[in-house]
Amino acid sequence: MSMLEEYLAFARQYPALFENPAEAGLTIILDVDEIRRVEDEVSQRLTAQGFPAAWAQVGIVYQDQYVMLVRDAVRLLDGTVDTCVRFVSAAVQVPGVFILPVYQGNVLLIRHFRHEARAWRWEIPGGFGMPGMSSEENARRELAEEIGAAIIRLIPLGCVYPDVFSGADSIDLFFAEIGTPGAIETQEGITEAVTLPVQTFEQKIRSHEITDMVALVAYTRAKLQGLL
Amino acid sequence: MSGFQEYLSFAKLHPDLFVNPPTGGFTIILDEDEIREIEAFMAQKLSMRGLPASLAQVGIVYEDQYGRILRDAVHFPDGSPGTYIRFVSRAVGVPGVVILPMYQGNILLLRRFHHATRRWHLEIPAGAGSAQLTGEEAARQLLLRDIEAITGSLVPLGRLDVGPGMAADGAELFYARLASYGQGNRREGITEVLCLDLPAFERMIRENEINDGFTIAAYLHAKLQGLFEQTEQ
């Protein structure tokens with residue numbers, strides 16, 4: 001199957017990822033002849049900028065066991081055409097899960113090594129959702145794996161899109177009252193877990209010691225729901 | 001130059017992206033023989049799972065005008081070998097900008113369509129920075145482009161690790177007091193500009209109507225810095 005055929009089959013399988021709502025102003029083109037015309041036009045533009053023409057090719061342009069990068073042909077509001085890339089999780093349309101764990105009234109954070117930043121960050125536990133499991137089940141699994149904790153009470157905090165500019169995937173957030181934490185998952189680059197009073201947690205956000213966006217969003221929702 | 005040699009050259013050019021802090025993290029391996037051993041180990045592991053062995057290949061595994069995907073050979077904290085991918089934006093050293101715009105004590109919120117999610121989101125202005133502009137200049141320019149706004153004062157709210165469009169250097173957050181604003185930029189996917197008081201904005205975060213991470217993070221920093229209290233006075 002050619003890259004374009006694979007892409008069109010993917011579009012048929014996941015129509016929600018290819019929706020063209022009225023007024024969107026960014027229409028995905030799925031007609032093969034039109035796609036070819038867009039590729040030609042964009043490849044000329046890329047060549048003029050000194051980039052390889054191959055970067056205009058529409059399709060699933062990168063794929064591994066975790067993620068795929070999709071390059072779509074699009075028509076903008078003024079009728080001009082372009083290509084746009086977006087990341088889609090390999091577990092298509094399975095949201096990630098992150099949990100704000102609270103132990104005896106204190107917020108629990110993990111010190112997690114982030115490969116992309118080559119540095120440690122204070123974060124809340126979570127990760128990819130496993131296909132076939134609900135987000136609640138994934139939340140319980142993540143807490144058990146990462147901090148060895150059982151959940152006493154689990155409350156949904158809604159969803160968040162961590163980067164609407166480049167990623168198709170959302171994250172389901174939870175507030176969890178947990179039992180005594182156990183062993184941390186060192187193999188995943190977690191070196192420490194700490195519990196902080198809410199005031200200290202807030203102070204560390206203010207001073208930028210905590211910069212994890214997902215933690216900030218989960219905390220905001222929990223606070224606005226009166227859970228903290 | 002082969003993809004692999006290109007990767008090694010890239011590593012030499014950007015040593016900060018290949019830092020190996022003390023124990024506990026994922027140590028990047030740059031020794032060619034060791035990389036080959038890890039690739040062989042991973043190829044076998046992938047084949048056993050029915051996945052293509054080519055997914056073990058270390059190097060710059062994807063590249064376009066926006067950035068690169070790197071697949072690094074690493075040692076995990078227990079010493080076991082593996083590979084790890086990451087996206088590195090071309091705009092190294094240029095953080096994005098995210099701005100919470102205030103007009104006469106109210107928050108301005110955009111209804112904007114995003115290609116990546118194929119949905120509309122309610123969000124504040126955000127976008128790429130520019131190597132030629134300071135963060136403040138980029139913020140003013142973005143407000144003008146997105147909502148025809150003339151910005152009065154700008155208050156820095158600090159930084160986020162991740163920026164719009166996976167900007168490698170995160171994002172600078174600002175709180176902006178606008179002198180005026182106009183229409184949303186349709187070319188940028190903006191179909192409406194809403195002007196909300198703080199309780200309405202907070203209700204929308206609480207009830208999941210606002211689900212853009214940049215918007216909520218900027219709101220939280222402004223709240224913790226007491227900026228809404230100043231506005232209300």
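Letters go in sequence order (proteins before strands), and every chain restarts at 1.
When heavy atoms are compared at a cutoff of 4.5 Å, A:Arg114 does not approach chain B at all. Residue A:Leu173 does not touch chain B at all, counting heavy-atom pairs closer than 4.5 Å. Contacts between B:Val61 and chain A at a heavy-atom distance below 4.5 Å involve backbone atoms as well as side-chain atoms. Contact of A:Ile171 with chain B is not made at all, since no heavy-atom distance falls under 4.5 Å. Heavy atoms of B:Ser54 lying under 4.5 Å from chain A are absent altogether. For A:Leu26, the parts lying near chain B are the backbone and the side chain together; criterion is any non-hydrogen pair under 4.5 Å. Contacts of A:Thr80 with chain B are made by side-chain atoms alone, with heavy-atom separations under 4.5 Å and no backbone atom involved. Contacts of A:Val70 with chain B are absent, with no heavy-atom separation under 4.5 Å from either backbone or side chain. Only the backbone of A:Thr27 comes within contact range of chain B, with heavy atoms under 4.5 Å apart. With a 4.5 angstrom heavy-atom cutoff, B:Leu224 touches chain A via backbone and side-chain atoms both.
Note: B:Ile28 leads B:Leu70, B:Ile28, B:Ile210, B:Asp212 in heavy-atom pairs under 4.5 Å with chain A. Of the listed residues B:Thr215, B:Leu51, B:Asp72, the one with more heavy-atom pairs under 4.5 angstrom with chain A than any other is B:Asp72. The choice from A:Arg71, A:Gln49, A:Gln63 that makes the most heavy-atom pairs within less than 4.5 Å of chain B is A:Arg71. Per-residue counts of heavy-atom pairs under 4.5 Å with chain B were compared for A:Thr191, A:Val160, A:Val164; the largest is that of A:Val164. With chain B as partner, the option from A:Glu188, A:Gln203, A:Arg111 having the largest number of non-hydrogen pairs under 4.5 angstrom is A:Glu188. Here A:Asp64 is the residue among A:Leu157, A:Asp64, A:Thr186 with the most heavy-atom pairs under 4.5 Å with chain B. Most heavy-atom pairs under 4.5 Å with chain B, from the set A:His115, A:Glu202, A:Gln187, A:Arg86: that is A:His115. Across B:Arg186, B:Glu188, B:Glu123, B:Glu202, the residue that shares the most heavy-atom pairs under 4.5 angstrom with chain A is B:Arg186. Heavy-atom pairs under 4.5 Å with chain B were tallied for A:Val214, A:Leu17, A:Asp212; the largest tally goes to A:Leu17.
Open room surrounds CD on A:Gln199; 12 or fewer heavy atoms of other groups in view lie less than 6.0 Å from it. The neighbour count for B:Arg119 CZ, taken as heavy atoms of other residues, nucleotides or ligands under 6.0 Å away, does not exceed 12. Other residues, nucleotides and ligands contribute only 12 or fewer heavy atoms inside 6.0 Å of the CD atom of B:Gln183. Counting non-hydrogen atoms of other residues, nucleotides and ligands closer than 6.0 Å to CD of B:Gln44 gives a total of 12 or fewer. More than 12 heavy atoms of other residues, nucleotides or ligands shown are found within 6.0 angstrom of CD on A:Glu145.
Proximity of A:Met213 to B:Asp161: side-chain heavy atoms (C-beta onward) are nowhere separated by under 4.5 Å. The closest side-chain heavy-atom distance from A:Leu77 to B:Phe113 is not below 4.5 Å. The shortest side-chain heavy-atom distance between A:Cys159 and B:Asn208 falls under the 4.5 Å cut-off. Residues A:Ile205 and B:Leu220 are in side-chain contact: their nearest non-hydrogen atoms beyond the backbone lie under 4.5 Å apart. Annotation: side chain of A:Glu116 is not in contact with side chain of B:Phe87 (no heavy-atom distance under 4.5 Å). At least one side-chain heavy atom of B:Leu46 sits less than 4.5 Å from a side-chain heavy atom of A:Gln65. Under the 4.5 Å side-chain criterion, counting only non-hydrogen atoms from C-beta, A:Pro162 is not in contact with B:Phe214.
To the nearest 0.5 angstrom, B:Thr117 atom OG1 is 10.5 Å from A:Asp169 atom CG. Remark: A:Tyr161 OH to B:Ile216 CD1 distance equals 12.5 Å, nearest 0.5 Å. One finds the NE2 atom of B:His221 at 8.0 Å from the OG1 atom of A:Thr211 (value rounded to the nearest 0.5 Å).
The heavy-atom pair separating B:Arg71 from A:Tyr62 by the smallest distance is NH2-OH, 2.8 Å. The two residues B:Trp120 and A:Ala22 come nearest to each other via the heavy atoms CH2-O, 3.0 Å. A:Cys84 approaches B:His115 most closely through the heavy-atom pair CB-CD2, 3.3 Å. Nearest heavy atoms, A:Trp120 versus B:Pro21: CZ3-CB, 3.4 Å. Closest non-hydrogen pair, B:Tyr66 versus A:Thr83, comes out as OH-O, 4.3 Å. Residues B:Ala116 and A:Ser166 share a closest heavy-atom pair of CB-C, 3.6 Å.
No donor-acceptor pair under 3.5 Å is formed between the side chain of A:Asp163 and the backbone N or O of B:Val162. Using a distance-only test at 3.5 Å, with no hydrogens or angles considered, no donor-acceptor pair links the side chain of A:Arg118 to the main chain of B:Phe18. Judged by distance alone, with hydrogens and angles left aside, the side-chain atoms of A:His208 form a donor-acceptor pair with the main-chain N or O of B:Arg159 at under 3.5 Å. With hydrogens and angles disregarded, no donor-acceptor distance shorter than 3.5 Å links the side chain of B:Arg118 to the backbone of A:Phe18.
With sequence neighbours left out, B:Glu148 forms a salt bridge (Lys or Arg N to Asp or Glu O under 4.0 Å) with no residue at all.
By a heavy-atom distance cut of under 4.5 Å, A:Leu216, A:Val217, A:Tyr219, A:Thr220, A:Arg221, A:Leu224, A:Gln225 are the residues of residues 216-228 of chain A near chain B, going up by number. Contacts from residues 88-95 of chain A to chain B, taken as heavy-atom pairs separated by less than 4.5 Å, involve no residues at all.
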Only pairs under 3.5 Å count here: list side-chain donor-acceptor contacts from residues 52-60 of chain A, not counting sequence neighbours, and write none if there are none.
unit_1, atom_1, unit_2, atom_2, d
A:Trp55, NE1, B:Glu63, O, 3.0

